[in-house]
Engineer: 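Just dropping this structure here.
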Number of protein chains: 4
Amino acid sequence: MATDQDGEMPTRSRELNTRGQRTMARLLDAGATVFAARGFHAARVDDIVQAAEASHGTFYLYFSNKEDLFRALAAEAADDLARHAQTLGPLTPDEVGLEVIRHWIGGLCDLYRRHGPVIQAWTEAEVSGSEFNRLGADVVGSYASALATRIADVDHGNLDPQLAALALVTMAERLNYYELSGQIGLPESVAVETLAAVTFSAVFGIPAPPAVVGA
Amino acid sequence: MATDQDGEMPTRSRELNTRGQRTMARLLDAGATVFAARGFHAARVDDIVQAAEASHGTFYLYFSNKEDLFRALAAEAADDLARHAQTLGPLTPDEVGLEVIRHWIGGLCDLYRRHGPVIQAWTEAEVSGSEFNRLGADVVGSYASALATRIADVDHGNLDPQLAALALVTMAERLNYYELSGQIGLPESVAVETLAAVTFSAVFGIPAPPAVVGA
Amino acid sequence: MATDQDGEMPTRSRELNTRGQRTMARLLDAGATVFAARGFHAARVDDIVQAAEASHGTFYLYFSNKEDLFRALAAEAADDLARHAQTLGPLTPDEVGLEVIRHWIGGLCDLYRRHGPVIQAWTEAEVSGSEFNRLGADVVGSYASALATRIADVDHGNLDPQLAALALVTMAERLNYYELSGQIGLPESVAVETLAAVTFSAVFGIPAPPAVVGA
Amino acid sequence: MATDQDGEMPTRSRELNTRGQRTMARLLDAGATVFAARGFHAARVDDIVQAAEASHGTFYLYFSNKEDLFRALAAEAADDLARHAQTLGPLTPDEVGLEVIRHWIGGLCDLYRRHGPVIQAWTEAEVSGSEFNRLGADVVGSYASALATRIADVDHGNLDPQLAALALVTMAERLNYYELSGQIGLPESVAVETLAAVTFSAVFGIPAPPAVVGA
DNA sequence: GATGAATGAGAATTCATTCAT
DNA sequence: GATGAATGAATTCTCATTCAT
């Protein structure tokens, strides 16, 4: 009756009682840590298992392989980001509008920081065409279309809203990446400020109002 | 040009006669192809050797390992890019300035397209701290400081030139990445136009002059 | 009846109350099913446990391992067969003698069909020298000596009764095997008829009397 | 160009020079030995590799897995047997006919003895429906149809030629099996004699002529 | 009696690298 | 210069069995 043939889904197919849930959580945490430290490819199941203080067999009780665990982490990150992407309100060419942008990008940066390791690992996770590429593209797409909608409302005619939105979003994404990867070290607040200012200028074709000190 | 950082150097120390040069070229080509197709980690020496119609032994005659070959490809790409980064001239708040930006970004896009596979592979090549990360950061850094210099010349005071330049360069880089990876398909000319317009707005705080048809 | 050959005996030593008996029966049934479906080696304890809707722990409450459960099934089959082997009466060179043979072989076929999965699995169960080989040899031996006795009674001098009996029994066994394994599909009645006719001819050196229609 | 995607065929895809051929032969020999000693399931790649005095890696250079090596051995055995099956000439109800049968069955026994380990292992190799079952059924089928043709020529009307032939062939096969597996020890010559006599009786419905001493 | 989470030894497989020819 | 057979360390994954609840 049970069609036991497929490989992928030891997880979530079983009702787990408290002990099991805790073990699974431990494995997920360990996974996040290890992926962050070594990247997806270099991470060995053995590393994760050790970090989680579990046995090899236990790992495969909960996940069918390294990718399966990673998928769980990635899905969570993608959900959080996609949900946040929708929160951008209408934009006005004034200090209020700038604050809206600043707040939205700030939220993006926060999430990036929280899920950074996973996001970076999924960039690396597989080559063109993998499910993780799609996941990444979906997230970027969510942000881009949210922003595109607001740009289209303003529409001063000089920009393709879709494309401009995409460019601005990738800018935010990538600056976060460089910051997180430690290759370039800058205070976050400034980065958010800069990203917001560039976005504002691009959307309205005017300089961003001067930053209010202490904002 | 390559300054042989370490102990690995079976080659380039030897004068190669014609046959040897051709074999080496074949291996480099094959490497570029294979890295493009499968990414750095998934690429096996065996793949490269087969694509080059050479033997395993031959590979190790020219390169000390997979990374060594990749380094050669990456160094070439990095050189080309770093050289091009320097070509940005002074910017003016008019159609001429826009054209300068457009041309510079266009060149960047061309190079990205030419060396794309290698660039993507080096993003993936290794995690935080690897020599390839440094290489990538260096390239981005070259572009960013070239642009920062020009922004500082203008200086309308609302932006940190370093940071804004960095943001704008990552935007260009990342949009190219998405275009190349096929996850998002858009006509190049438009992308260049959009990147240039956003950059122009950011630098001068005014809308980019309308695009001249056919530019 | 089972004389517990060795140290393994978590069960059968204990009086089981009704619940326990039912659980054990469920496990035995599940075992038969799973061994039939996947063979001895490929059958996992997990498969059996799932089929029996029991837990892993429960399995080891009743059997010390997979082999132990299998032994129980095999012993039952072997008992049935050995008992039936003894039921062959004296043979006469006429229609009555043929009917005796036919009936005996028919019974063998019935039992083979009932216990087929287990019989097949024990063929596979282990290589040369295992206890299951011995079990199989014993069963074949029982049949062979029963038949040998009757052949010796007739003794037309051209055959070694032991050997001929063995050959004829293996014939019956193996034809059943092929039929059961589905590799060759033939109506049972015909198979019994053919086996009986060949046996009759071999024993008496004359053709079997023509089959009575509907026999 | 090379469609490198499938798993199964490192072998025979490469032109092997002498060294390679010898290694492959060593692995095949070792495989036959190990399969004979432990059976298909219990045989580990490691056993084979040790017997062949080769390394683990070398094994996978020539075969994609244990099954692949076994397939090679099985195919050879099946070929030999299928070819021999065709060599049965017309049967006459006299000493000559008996000799023909005796010779044919003798050949079968010889081949069984030569390829016995493999034949036994393939019986065990996998459960219902595997390619090895089919192989076995094919071989039995070849023998059965060769014999069926000769029985049909005689046709004394009391037997279904197909079925009788099948029964007689399985008898020969299985008696060999028991002999080889050592569960029952008998001099070969007698076994052949008995098998031939039973077959002769079944085909012609008369006793086999007395064996000529020294035949 | 029953459960099912945890264990860990064991087996398979891959692939970078070496080396004799 | 070139070859390709051989190597073996590293890694993944499976499954019988135990044990705390």
Side-chain angles (χ1 to χ4, degrees), chain A residues 7 10 14-24 42-47 49 53-67, chain B residues 10 14 16-24 42-49 53-68, chain C residues 14 16-24 41-49 53-67, chain D residues 7 10 14-24 41-47 49 53-67:
Chain A
R14 306 186 295 133
E15 302 304 319
L16 296 170
N17 61 23
T18 317
R19 177 135 83 115
Q21 285 172 347
R22 215 165 311 166
T23 303
M24 186 159 171
R44 279 162 295 139
V45 170
D46 197 69
D47 298 326
V49 149
E53 299 189 73
S55 78
H56 233 148
T58 299
F59 180 93
Y60 288 95
L61 215 49
Y62 293 95
F63 304 98
S64 41
N65 48 44
K66 189 169 73 163
E67 208 168 304
Chain B
R14 296 183 293 138
L16 296 167
N17 65 19
T18 319
R19 176 136 81 119
Q21 286 172 348
R22 216 164 313 164
T23 303
M24 186 158 172
R44 282 165 291 144
V45 171
D46 194 68
D47 298 324
I48 297 173
V49 150
E53 301 188 72
S55 75
H56 258 182
T58 301
F59 180 93
Y60 287 93
L61 229 42
Y62 291 95
F63 303 97
S64 43
N65 49 43
K66 188 168 74 162
E67 210 169 302
D68 191 34
Chain C
R14 295 183 293 139
L16 296 168
N17 64 20
T18 319
R19 175 137 82 120
Q21 286 173 348
R22 216 164 312 165
T23 304
M24 185 158 173
H41 280 102
R44 281 164 292 145
V45 170
D46 193 68
D47 298 323
I48 298 173
V49 150
E53 300 187 72
S55 75
H56 259 185
T58 301
F59 181 93
Y60 286 93
L61 228 42
Y62 290 96
F63 302 98
S64 42
N65 49 42
K66 185 168 75 162
E67 210 169 300
Chain D
R14 306 185 296 133
E15 303 303 319
L16 297 169
N17 61 23
T18 318
R19 179 136 83 116
Q21 285 172 349
R22 216 165 311 165
T23 304
M24 185 159 170
H41 279 102
R44 280 161 296 141
V45 170
D46 195 69
D47 298 325
V49 150
E53 301 187 72
S55 77
H56 236 146
T58 300
F59 180 93
Y60 288 95
L61 217 47
Y62 293 95
F63 303 98
S64 41
N65 49 43
K66 189 168 75 163
E67 208 169 303

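Reminder, nothing fancy here: chain letters follow the sequence lines and each chain counts from 1.
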Engineer: Are the side chain of B:Asp68 and the backbone N or O of B:Asn65 linked by a donor-acceptor pair below 3.5 Å?
Structural biologist: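 It does not hold such a pair.
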Engineer: How many Å lie between OH on A:Tyr62 and C1' on F:dT12, as a whole number?
Structural biologist: 20 Å
Engineer: Whole Å only: how far is the CZ atom of A:Arg44 from the C1' atom of F:dC13?
Structural biologist: 16 Å
Engineer: Mapping C:Thr58 and A:Gly57 onto DNA chain F by nearest heavy atom, which one lands closer to the 5' end?
Structural biologist: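 Final value for this comparison: A:Gly57.
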Engineer: Out of E:dA2, F:dC13, F:dA9, which nucleotide sits closest to the side chain of A:Asn65?
Structural biologist: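 Minimum distance to the A:Asn65 side chain belongs to F:dC13.
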Engineer: Does OP1 or OP2 of E:dG4 have a side-chain N or O of C:Ser55 closer than 4.0 Å?
Structural biologist: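 No, because none of the side-chain N or O atoms of C:Ser55 sits under 4.0 Å from OP1 or OP2 of E:dG4.
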Engineer: For E:dG1 versus F:dT21, give the span between their C1' atoms, rounded off to a whole number of Å.
Structural biologist: 13 Å
Engineer: Please give the nucleotide sitting opposite F:dC19 as a Watson-Crick or G-U wobble pair, both distances under 3.5 Å, or none.
Structural biologist: E:dG4
Engineer: Taking CG from B:Leu61 and C1' from E:dT18, how many angstroms apart are they, rounded to a whole number?
Structural biologist: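 These atoms are roughly 12 Å apart.
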Engineer: On the nucleotide E:dT17, are OP1 or OP2 found under 4.0 Å from the side-chain N or O atoms that B:Tyr60 carries?
Structural biologist: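 Yes, within the criterion.
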Engineer: Hunt down the Watson-Crick or G-U wobble partner of F:dA10, both distances under 3.5 Å, from any strand shown, or write none.
Structural biologist: E:dT13
Engineer: Is the backbone of C:Ala43 close enough, under 3.5 Å, to the side chain of C:Lys66 for a donor and an acceptor to pair up by distance?
Structural biologist: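 Side chain of C:Lys66 to backbone of C:Ala43: a pair is present.
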Engineer: Taking the minimum atom-to-atom distance to the side chain of D:Lys66, which one of E:dA12, E:dT3, F:dG1 wins?
Structural biologist: E:dA12
Engineer: Taking donor-acceptor contacts at under 3.5 Å, does the side chain of B:His56 reach the base of E:dT17?
Structural biologist: yes
Engineer: Expressed in angstrom and rounded to an integer, what is the separation of A:Phe63 atom CZ from F:dT12 atom C1'?
Structural biologist: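 In whole Å, F:dT12 C1' and A:Phe63 CZ are 16 Å from each other.
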Engineer: Could you state the atom-to-atom distance from CD of A:Gln21 to P of E:dA6 in whole Å?
Structural biologist: 11 Å
Engineer: Quick check for you: to the nearest 0.5 Å, what is the distance between D:His56 atom NE2 and D:Asp46 atom CG?
Structural biologist: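 Interatomic distance, D:His56 NE2 to D:Asp46 CG, rounded to 0.5 Å: 5.0 Å.
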Engineer: More 5' along DNA chain F: C:Ala43 or A:Val45, using each one's nearest nucleotide?
Structural biologist: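 With C:Ala43 and A:Val45 compared, the 5'-side residue is A:Val45.
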Engineer: Any non-hydrogen side-chain atom of D:Val45 less than 4.5 Å from a side-chain atom of D:Tyr60?
Structural biologist: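 Contact flag for D:Val45/D:Tyr60 side chains = yes.
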Engineer: Let me know, please, whether A:Thr23 or D:Arg19 comes out on the 5' side of the other along DNA chain E by nearest nucleotide.
Structural biologist: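 Nearest-nucleotide comparison on DNA chain E picks A:Thr23.
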Engineer: Any heavy-atom pair between the side chains of B:Thr23 and B:Thr58 that's under 4.5 Å?
Structural biologist: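 Answer yes - side chains close enough.
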Engineer: Taking the nucleotide of DNA chain E with the nearest heavy atom to each, does C:Glu53 or A:Phe59 sit closer to the 5' end?
Structural biologist: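 Per heavy-atom nearest nucleotide, the more 5' residue is C:Glu53.
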Engineer: Can you tell me how far P of F:dA9 sits from CG of A:Asp46, to the nearest Å?
Structural biologist: 17 Å
Engineer: What integer distance in Å separates C:His41:NE2 from E:dA11:P?
Structural biologist: 12 Å
Engineer: Quick one: A:Asp47 CG to F:dA10 C1', roughly how many Å, whole number?
Structural biologist: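 To the nearest whole Å, that distance equals 12 Å.
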